Colleague: 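I'd like to ask you about the structure that follows.
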Amino acid sequence: MNRSVTLRIGRSLATSAALLAVIGVLAVIYTSTGGASRHSLVDEMLVNLMLVAGMQIFVGNTGVLSFGHLAFAQIAGYSAAIAALPLASKAKVLPGLPFGLGDVHLGALGAVIAAVVVALVVGAVVGVVVARAHGLAPTMITLAVLVVVEQVVKNWKELTRGAGGLSGVPVVHGSGWLYVAAFVALLVACLFHESRIGRFAVATREDELAAPALGIRLFSARYSAWVVSIAVVGLGGAMLVLSLGSVNPKQFTLDRSILVIAMLVLGGMRTVTGAAVGTVLITAGNELFRQLGDRWKIERFSDLFLGGVLLAVMLLRPGGLLGDRDLLGYLRRRFRAPDRPAPPVPERSAALVAADIVVNFGGFRALDDAGIRVRPGEVVGLIGPNGAGKTTLFNVVTGLVDETSGSVHLGDQDLSDAMPYQVARAGLARTFQNLRLFKNLTVRENVELTSLVAWRHRTGSLPVNELLADAGLTAVADRAAGTLDYGNQRRLELARAAALSPAYLLLDEPTSGMSDAESQAMVEQVRAVAAKVGAGVLVIDHDLGFITRISDHMVVLAEGRILAEGTPAEVRANPAVAEAYLGSQA
């Protein structure tokens with residue numbers, strides 16, 4: 001086990017233990033006075049913690065809201081009840097139990113494991129659809145799943161006994177089991193957040209367009225988060241049933257889903273620490289307002305508390321009470337694995353060739369037999385008037401736009417039908433005309449994410465600290481990327497692309513909005529970075545001085561066609577270019 005893995009496990013263990021220890025101390029103080037009802041509330045809070053931790057793994061890391069996770073808690077809860085019910089009780093209350101389940105009886109641990117497995121199997125199938133959907137669709141799918149599961153439970157009486165539910169399930173006495181299960185839930189949430197795939201899921205949350213352009217596959221990251229979250233939520237559902245000794249559909253309603261989401265939102269859904277804090281505060285506040293409602297004879301007073309909390313957080317602290325402040329994040333900054341040694345720069349021999357590209361948008365032809373060639377180590381500038389098709393050609397090369405006809409090759413590798421993440425993994429790293437940084441992540445984390453892709457799919461990735469130093473970003477490495485000034489954000493975007501160890505850097509207007517001095521500095525940085533990683537460069541920019549200074553070869557697009565190409569001097573001297581683009585600057 002290497003040092004990086006050891007540190008990730010250690011940080012996750014320390015965070016989980018610390019959070020649960022604080023909760024345990026608060027619970028001991030709370031239960032030191034009062035009756036059994038206080039112990040019951042602590043048990044309820046521990047179950048809530050499992051459910052919220054499961055939700056955080058998916059919702060917090062991917063940014064996709066789910067109302068349906070409690071459907072899988074319900075599946076696990078009924079599975080645990082059926083597995084744990086004594087055979088005599090089962091024969092009496094469920095005489096027509098299908099699938100031979102009438103002869104199955106497991107102890108508490110076996111019932112929990114079986115319940116999690118059943119929830120995982122069902123969740124894995126549903127997750128394929130959820131992870132492929134975009135926009136509002138995955139949220140609506142999860143809501144539909146919650147409704148469907150509720151109706152199945154109420155109507156499949158041979159299996160569930162209908163709306164009345166099942167009772168007589170052997171109870172696991174004492175809170176010890178719940179503390180162990182809560183620790184497991186927190187640990188899994190921390191380990192996932194620390195894992196490569198977990199960090200990729202966070203990248204998809206931050207920007208669905210930039211993440212694939214850096215080699216991150218949206219489906220894999222989101223599906224992994226979904227499956228792991230279902231396992232943890234299933235654990236919470238099973239422990240809920242075994243702590244109460246009964247199960248019924250009323251325990252897994254939409255209202256309960258909203259309660260769990262409120263816990264996640266209040267503390268800060270992007271962190272495990274936030275999920276734990278929100279669970280404690282909402283559980284305590286909900287109980288307080290329930291008691292006040294009973295005393296003052298106000299019906300559903302706790303619902304008023306819940307709605308008020310959600311409204312206040314959305315208005316005043318959209319990122320939750322803690323925002324991105326997190327014990328796990330603090331430990332990551334405090335105990336960081338050293339950079340791997342810098343590998344030798346790989347020799348590049350494959351040319352990037354886009355040939356005969358045609359792109360139609362409806363009846364409009366954006367590109368008409370356009371093409372471009374960039375050789376290893378070469379800097380090619382792509383210019384043209386607005387609407388010439390420059391960014392469209394970029395998007396075709398990087399897989400964001402499908403060409404109507406034509407081909408894109410990197411050496412012998414055909415990238416014509418490749419997805420954006422496949423193009424990036426093949427060796428094409430791009431920046432965007434409009435900045436697309438992961439703004440809620442630190443400067444270092446932005447570069448680390450691309451470096452993680454490179455270590456799996458590329459060769460020769462430079463150490464993160466070296467890339468940050470070369471970009472002049474070491475002093476701000478632990479600041480959120482969104483807090484940097486514009487010039488530093490542009491430099492960070494270039495450093496992040498370079499971390500992929502690309503064969504070619506594709507830069508879309510890297511000096512947009514910069515002063516002359518900043519543009520000159522960017523010329524030097526682009527050439528230095530490209531030489532360091534051994535990459536060729538294809539660059540779009542409206543700054544003629546920048547393009548002329550940086551380019552070895554220039555290509556001019558006009559109305560989707562190649563108008564001219566050659567050295568910067570040849571292009572500037574071309575009368576057709578002067579007429580179409582340069583005007584008085586020619």
Side-chain angles (χ1 to χ4, degrees), residues 16-55 70 73-74 76-77 80-81 84-85 107-109 111-112 115-116 165-187 189 232-248 250-253 255-256 259-260 262-264 266-267 272-273 275-295 300-303 305-306 309:
S16 305
L19 291 175
L20 197 61
V22 172
I23 291 172
V25 169
L26 293 175
V28 169
I29 295 172
Y30 177 69
T31 56
S32 61
T33 59
S37 61
R38 293 199 172 193
H39 290 277
S40 297
L41 183 63
V42 170
D43 291 349
E44 179 185 342
M45 180 184 64
L46 292 171
V47 170
N48 286 338
L49 183 59
M50 297 175 225
L51 298 175
V52 175
M55 290 278 280
L70 254 67
Q74 184 166 209
L85 270 172
L109 181 58
V112 170
V116 171
L166 297 171
S167 58
V169 179
V171 175
V172 177
H173 294 286
S175 299
W177 278 74
L178 292 174
Y179 276 104
V180 170
F183 176 77
V184 170
L186 289 172
L187 180 60
V232 176
V233 166
L235 174 64
M239 294 307 299
L240 172 62
V241 172
L242 293 180
S243 66
L244 296 176
S246 63
V247 59
N248 66 76
K250 294 180 181 179
Q251 296 167 334
F252 306 98
T253 61
D255 285 350
R256 182 72 178 261
L259 177 66
V260 172
M263 293 174 181
L264 184 59
L266 176 63
V272 180
T273 304
V277 169
T279 301
V280 173
L281 292 179
I282 290 291
T283 301
N286 206 45
E287 176 63 15
L288 173 62
F289 274 74
R290 185 193 64 77
Q291 292 180 8
L292 291 175
D294 291 343
R295 179 182 301 174
R300 306 193 66 161
F301 198 31
S302 58
D303 290 351
F305 159 75
L306 197 60
V309 165

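These values consider heavy atoms only, across backbone and side chains, with no hydrogens, waters or symmetry-generated copies. Note that the structure is a prediction, hence the values are computed from the model and not measured.
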Colleague: Kindly compute the distance separating CD1 (Ile23) from OH (Tyr30), expressed to the nearest 0.5 Å.
Modeller: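 One finds 15.0 Å between CD1 of Ile23 and OH of Tyr30.
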Colleague: If I take atom CD1 from residue Ile282 and atom CE from residue Met45, how far apart are they, to the nearest 0.5 angstrom?
Modeller: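 Between Ile282 CD1 and Met45 CE, I get 13.5 Å after rounding to 0.5 Å.
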Colleague: If only atom types and distance count, is the side chain of Gln251 paired as donor or acceptor with the main-chain N or O of Asn248 below 3.5 Å?
Modeller: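 Yes; at least one donor-acceptor contact below 3.5 Å.
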Colleague: Atom CZ of Phe252 and atom CG of Leu240: how far apart are they, to the nearest 0.5 Å?
Modeller: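 Separation between the atoms: 5.0 Å.
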Colleague: Can you name the nearest heavy-atom pair linking Val247 to Gly77, along with the distance?
Modeller: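 The answer is CG2-C, 4.3 Å.
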Colleague: Run the side-chain contact (heavy atoms from CB on, under 4.5 Å) test against Thr31 and tell me which residues pass, sequence neighbours left out.
Modeller: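 Once residues adjacent in sequence are excluded, the partners of Thr31 under the side-chain contact (heavy atoms from CB on, under 4.5 Å) criterion are Arg38, His39, Val42.
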Colleague: Shortest non-hydrogen contact from Val233 to Ala73?
Modeller: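 Heavy-atom minimum between the residues: CG1-CB, 3.6 Å.
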Colleague: Where is the tightest heavy-atom contact between Ala185 and Val232, given as atom of each residue plus distance?
Modeller: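 For Ala185 and Val232, the tightest heavy-atom pair comes out as CB-CG1, 3.6 Å.
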Colleague: What's the shortest heavy-atom distance between Ser246 and Ser167, and which atoms?
Modeller: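 Shortest heavy-atom contact: CB-CA, 4.0 Å.
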Colleague: Kindly compute the distance separating CG (Leu51) from CE (Met239), expressed to the nearest 0.5 Å.
Modeller: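 Rounded to the nearest 0.5 Å, the CG-CE separation comes out at 11.5 Å.
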Colleague: State, with a plain yes or no, whether a side-chain heavy atom of Leu49 is found less than 4.5 Å away from one of Leu20.
Modeller: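 Touching, per the 4.5 Å side-chain cut-off.
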Colleague: What closest approach, in Å, do Ala27 and Tyr179 show between heavy atoms, and which atom pair accounts for it?
Modeller: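 That would be CB-OH, 3.3 Å.
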Colleague: If you look at every heavy atom in Ala76 and Ala115, which pair is closest and at what distance?
Modeller: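 Closest pair (atom of Ala76, atom of Ala115, distance): O-CB, 3.1 Å.
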Colleague: Looking at Leu187, is its backbone amide N or carbonyl O close enough to the side chain of Ser16 to form a donor-acceptor pair, meaning the two atoms are under 3.5 Å apart?
Modeller: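 Here the side-chain-to-backbone pair exists.
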Colleague: For the side chain of Thr283 and the backbone of Val280, is there at least one donor-acceptor N/O pair under 3.5 Å apart?
Modeller: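 Here the side-chain-to-backbone pair does not exist.
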Colleague: Does the plane of the ring in Phe301 sit parallel, tilted or perpendicular to the ring in Phe289? Use 30° and 60° as the thresholds.
Modeller: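 Geometry flag for Phe289 against Phe301: tilted rings.
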Colleague: Could you go step by step and tell me if Asn48 and Arg256 meet the side chain to side chain contact (heavy atoms under 4.5 Å, CB included) rule?
Modeller: CA-CA 10 Å; Asn48 286 338; Arg256 182 72 178 261; 3.1 Å; yes
Colleague: For the OG atom of Ser40 and the CD atom of Glu287, what is their distance to the nearest 0.5 Å?
Modeller: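 If I round to the nearest 0.5 Å, the distance is 10.0 Å.
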Colleague: Which distance, rounded to the nearest 0.5 Å, do you find between the OG1 of Thr279 and the CE of Met50?
Modeller: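 These two atoms lie 11.0 Å from each other.
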